[in-house]
Amino acid sequence: MTRPADDAGLPPDLHRPAYGAASLADVLPGVAAALGAPVPRRDLPVDPLGLSTALHGARRVAVLLVDGLGADLIRAHADLAPTLSAMTSPAGELQAPCPSTTPVSLTTLGTGLPPGTHGILGFVTDVPGEDRTLNHTQWADDPDPADWMAQPTVFQRAAAEGVAVTAVGPWAYAGSGLTEAAYRGGNYTGAVGPGDLTALVRTALAAGPRALVYGYLAELDLTGHVRGVDSPSWRAQLALVDRIVEQLVDELPDDAALLVTADHGMLDVPAHTRLDLDDEPDLADGVRLLAGEPRARYVHVEPGAAADVLDRWRGVLVDRAWVVGRDEAVASGVFGAVDDALAARVGDVVALARGSWALVSSRREPGPSRLAAYHGSLTATELAIPLLAAHGRALS
């Protein structure tokens, strides 16, 4: 396996995602290759994880993404997740993309490409030239998903090769902009709950002689955000996730495999490591739009103000965050190679939180600022995600 690039230019506690070696972007291309439908990727290997071998000739593959199921969290609570803990790890741990947040990760998984190529570059990003932001979780059809994320997905490419492709996720997300961008080419089937999801995944696995089924579970992430990842509520939710996975494993068709992965890890943020940007008036000078989220901020500035804003943010944040200009952030490789047409979606100033810091905005973002746990930056805990496998009886 190709080794990830080093982290030159980043502080020691932040890391560049290993695109093309061991990242979330590498999962579906490997699955497609295992199903006999390899997909080309820009300057990236077709199957760096070796899934063509690891899946033992499976003709049907289900990929379950559990939102917020970081690898560190599974290790810390192995007693609550016996099924997950007993599954094999065919390619070791993987890394989430940058920022380590759900819309970026789901599109990275769906396209098999780094964020700098597919263009979903944050939870909330500037819409260049329109003086407004786009929250990708509240996105309907403006901008047009086909224009905003113009890359073909792995689902499209696999379907074109005769693979039956299904995406199963929450009923409410059917037809959303993010669904259309990340899962384009798959037959999206809305689930009304976790039990429904398991049944729909099993049905979809039987849809053809070759099948790729994607499933998405959201509740663990939401519980972590609201209650914290060291809470009884989060631990109870993890046990439920493990039970769902157990059901899927027990009912796998003989010639099928199940992969379980995640979009990011998560960490609790105590009160003493929260910096409220609204209490720092110097940080607002020259700022046109504040985008991103508490651990991955994009700052878009007024014309000619970039250098001054960068200096002020560095002076206030010091070692609470890695604060760089757009050019330096792009050159660091944290987004992968960034297409020129997409670079403006990255802030003029980028601030990725270090340690357990969060850059909240209590007046502009009152809801998100009250959460207990966050993700989005490039610490090991946020980046480390599992890739776990189980096989049907004929493949065991």
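Index from 1, following the sequence.
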Q) Cluster partners of Val192, using ILVMFWY side-chain heavy atoms under 4.5 angstrom, listed by chain and number? A) Trp171
Q: Output all residues satisfying side chain to side chain contact (heavy atoms under 4.5 Å, CB included) with Gln138, sequence neighbours left out; order by chain, then residue number.
A: Asn135
Q | Partners passing side chain to side chain contact (heavy atoms under 4.5 Å, CB included) against Asp144 (at least two apart in sequence or in another chain) | A | Ala146, Asp147
(Q) My understanding is that only residues two or more places apart in sequence, or in another chain, count here; which of them pass salt bridge (Lys or Arg N to Asp or Glu O under 4.0 Å) with Arg274? (A) none
Q | Distance-minimising heavy-atom pair for Arg314 and Val324 | A | NH2-CA, 3.9 Å
Q) Atom OG in Ser89, atom CE in Met87: separation rounded to 0.5 Å? A) 9.5 Å
Q: Start with the C-alpha gap between Asp282 and Arg312, add the side-chain angles, then the distance that decides, and say whether salt bridge (charged side-chain N to carboxylate O under 4.0 Å, His left out) holds.
A: CA-CA 7 Å; Asp282 287 350; Arg312 280 195 295 273; over 6 Å; no
Q: Go through the structure and list residues passing salt bridge (Lys or Arg N to Asp or Glu O under 4.0 Å) with Asp230, not counting sequence neighbours.
A: Arg235
Q: Indicate the atoms forming the closest heavy-atom contact of Ala33 with Val46, along with that distance.
A: CB-CG1, 4.1 Å
Q: For Asp276, check salt bridge (Lys or Arg N to Asp or Glu O under 4.0 Å) against everything at least two apart and list the hits.
A: none
Q) When clusters are formed from ILVMFWY side-chain contacts under 4.5 Å, directly or step by step, what else is grouped with Phe123? A) Val124
Q. Hey, is the main chain of Gly228 close enough, under 3.5 Å, to the side chain of Ser231 for a donor-acceptor pair?
A. yes
Q) Looking at residues at least two apart in the chain, or sitting in another chain, which of them share a ring-ring contact (aromatic ring centres under 6.0 Å, His included) with Trp313? A) none
Q | Arg227 charged N/C atom sitting above Trp234 aromatic ring, 6.0 Å / 45° | A | no
Q: To the nearest 0.5 Å, tell me how far Glu280 CD sits from Leu317 CG.
A: 8.0 Å
Please set out all donor-acceptor pairs under 3.5 angstrom arising from side-chain atoms of residues 340-347, sequence neighbours excluded.
unit_1	atom_1	unit_2	atom_2	d
Arg345	NH1	Gly119	O	2.8
Arg345	NH1	Trp148	O	3.0
Arg345	NH2	Trp148	O	3.3

Q. Can you name the residues that form a side chain to side chain contact (heavy atoms under 4.5 Å, CB included) with Pro294, not counting sequence neighbours?
A. Arg297, Ala358, Val360, Tyr374
Q | Between CG on residue Asp67 and CG on residue Leu217, distance to nearest 0.5 Å | A | 9.0 Å
Q) Who pairs with Ser23 by side chain to side chain contact (heavy atoms under 4.5 Å, CB included), at least two apart in sequence or on another chain? A) Tyr19, Ala25, Asp26
Q.
Measuring from atom CG of Asn187 to atom OH of Tyr214, what distance do you get when rounded to the nearest 0.5 angstrom?
A. 15.0 Å
**Q.** Pro38 to Gly36 - nearest heavy-atom pair and separation
**A.** CD-C, 3.4 Å
(Q) I need the Asp131 CG to Asp126 CG distance, nearest 0.5 Å. (A) 7.5 Å
Q. Using 30° and 60° as the class limits, which term best fits the ring planes of Tyr188 and Tyr183: parallel, tilted or perpendicular?
A. parallel
(Q) List the residues meeting salt bridge (Lys or Arg N to Asp or Glu O under 4.0 Å) with Asp278, not counting sequence neighbours, and say none if there are none. (A) Arg364
